[in-house]
2 protein chains.
Amino acid sequence: MNYYTISQLAEQFDISTRTIRYYEERGLISPIRTESGQRLYTKKDRAVLKLILRGKRFGFSLEEIHEMISLFDNDRTGRKQLEKTIAYGEQKLKEVTERIEDLMQLKQEMESILSDFRERLQKLEGTK
Amino acid sequence: MNYYTISQLAEQFDISTRTIRYYEERGLISPIRTESGQRLYTKKDRAVLKLILRGKRFGFSLEEIHEMISLFDNDRTGRKQLEKTIAYGEQKLKEVTERIEDLMQLKQEMESILSDFRERLQKLEGTK
DNA sequence: ATTGACTTTTACGTAAACGTAAATTAAAAT
DNA sequence: ATTTTAATTTACGTTTACGTAAAAGTCAAT
């Protein structure tokens, strides 16, 4: 298993190193360190970063993303903990589903507006 | 046709009046005024506000939303303008489609993680 | 007519999510 | 060995999207 440096990840995702360090400040990602203190990122860290960026694109706050990440990498073994995690996950799943439906409606509207514009353009072309 | 006051809209959408005035500051919404200067919102204004809030839920910035709104209420008649508007709309439509696909993938992943957790819970229940 | 609820503008404050710069140290390249 | 490039921490700055408060005018109800 080999590692990524911070600038490699920054380049891959087209974000700044500051941004990556900021996510670490906020507890979202935890790279290991070399003896001299340099950060090294595993594939898993990379995957987490990808998750963070995806969450951001959907308008989730870093705090929300933080919670969702704990859902993913969490080793909760207790029954109570498991139930809590499942309940939280179900709620988030519901939110995601709602967003999808919402977005699909938006898509519909945009398509109808677009076809309206296209029609107008057709008419203009006709009278040229 | 009758009007809404700012606090009526604020209540309907569960946002502050400050927020609505801020959207106006940014040029996203333009209510008419009474002689004394009070803002009055039409149904159309209400629809625009709804659009803004939806855009926000999807993580669009007010600036992006502004652009998308001009797409909706815009009376562009020139051929060049129409073509530009259509091109912009198609691009946004593509973005929305990508987001939907992205979200559906996220949904899949969450579902699989959840079923994994549920399985674990089952096993725990079994050994009780 | 006056109280109370609502609205307006102006303006300063704030949290989130970084940007940017400085000083220092380490790694990579020549 | 020494330049160049990349990394680290610290810390102050900035933008977006509002919150909050003050001062003053207005509308609605009693």
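A note on names: the letters A, B, ... follow the listed sequences, proteins ahead of strands, and every chain is numbered from 1.
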[N] [atom2] sits how many Å from [X] [atom1], rounded?
{"X": "B/I20", "N": "D/dG19", "atom1": "CD1", "atom2": "C1'", "result": "15 Å"}
{"X": "B/L28", "N": "D/dC18", "atom1": "CG", "atom2": "C1'", "result": "13 Å"}
{"X": "B/E64", "N": "D/dT16", "atom1": "CD", "atom2": "P", "result": "12 Å"}
{"X": "A/I65", "N": "C/dA17", "atom1": "CD1", "atom2": "C1'", "result": "11 Å"}
{"X": "A/H66", "N": "C/dA17", "atom1": "NE2", "atom2": "P", "result": "12 Å"}
{"X": "B/L40", "N": "D/dC27", "atom1": "CG", "atom2": "P", "result": "10 Å"}
{"X": "B/E24", "N": "C/dT7", "atom1": "CD", "atom2": "P", "result": "14 Å"}
{"X": "A/E63", "N": "C/dC18", "atom1": "CD", "atom2": "P", "result": "14 Å"}

Residue whose closest nucleotide on DNA chain D lies nearer the 5' end, B/Y22 versus A/Y41: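 Closest to the 5' end, via its nearest nucleotide, is A/Y41.
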Would you mind telling me which of [options] lies closest to the side-chain atoms of [X]?
{"X": "B/T19", "options": "D/dT8, D/dG19, C/dC18", "value": "D/dG19"}
{"X": "A/L62", "options": "C/dA17, D/dA17, D/dA7", "value": "C/dA17"}
{"X": "B/S36", "options": "C/dC18, D/dT26, C/dA26", "value": "D/dT26"}
{"X": "B/Y23", "options": "C/dT8, C/dA17, D/dC18", "value": "D/dC18"}
{"X": "B/R18", "options": "D/dT26, C/dC18, C/dA11", "value": "C/dA11"}

Remember a base hit wins even if backbone is also touched, and classify [X] as base, sugar-phosphate or nothing at under 4.0 Å, heavy atoms.
{"X": "A/R26", "result": "sugar-phosphate"}
{"X": "B/R39", "result": "sugar-phosphate"}
{"X": "A/T34", "result": "nothing"}

Under-4.0 Å side-chain N/O to phosphate OP1/OP2 contact, A/R21 with D/dT10: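 No, outside the criterion.
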N/O (side chain, B/K56) to phosphate O (OP1/OP2, D/dC18) under 4.0 Å: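 Result: yes.
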Nearest-nucleotide comparison on DNA chain C, the residue closer to the 5′ end among B/T5 and B/E25: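 Result: B/T5.
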Closest-nucleotide 5' rank along DNA chain C - winner of A/Q38 and B/G37: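 Its nearest nucleotide lies further toward 5', so the answer is B/G37.
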Flag side-chain contact, heavy atom, 4.5 Å: B/E90 against A/R118: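 A side-chain contact exists here, since the closest heavy-atom pair is under 4.5 Å.
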Side-chain touch A/R54/B/E109, heavy atoms, less than 4.5 angstrom: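 Yes, close enough: below the 4.5 Å cut-off.
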Heavy-atom pair with the smallest gap, counting every atom of B/E64 and B/G59: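 Heavy atoms only, the tightest pair is OE1-O, 4.5 Å.
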Nearest heavy atoms of B/K56 and B/I65, plus distance in Å: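 Taking B/K56 first and B/I65 second, the nearest heavy atoms are N-CD1, 3.6 Å.
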Geometric cation-pi criterion B/R99 and B/F60, 6.0 Å radius, 45° cone: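 That pair qualifies as a cation-pi contact.
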Interface with DNA chain C, restricted to residues 7-17 of chain B and to heavy atoms under 4.0 Å: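 Those residues whose heavy atoms fall under 4.0 Å from DNA chain C, taken from residues 7-17 of chain B in numerical order, are B/S7.
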Any donor-acceptor N/O pair, A/D45 side chain to A/T42 backbone, under 3.5 Å: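 Flag set: sc A/D45 to bb A/T42 pair under 3.5 Å.
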Reported CG-to-OG1 distance for the pair A/L40 and A/T5, which is rounded to 0.5 angstrom: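 Here the rounded value is 8.0 Å.
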Side-chain donor-acceptor pair present, B/T19, B/S16, cut-off under 3.5 Å: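 Result is yes, a qualifying pair exists.
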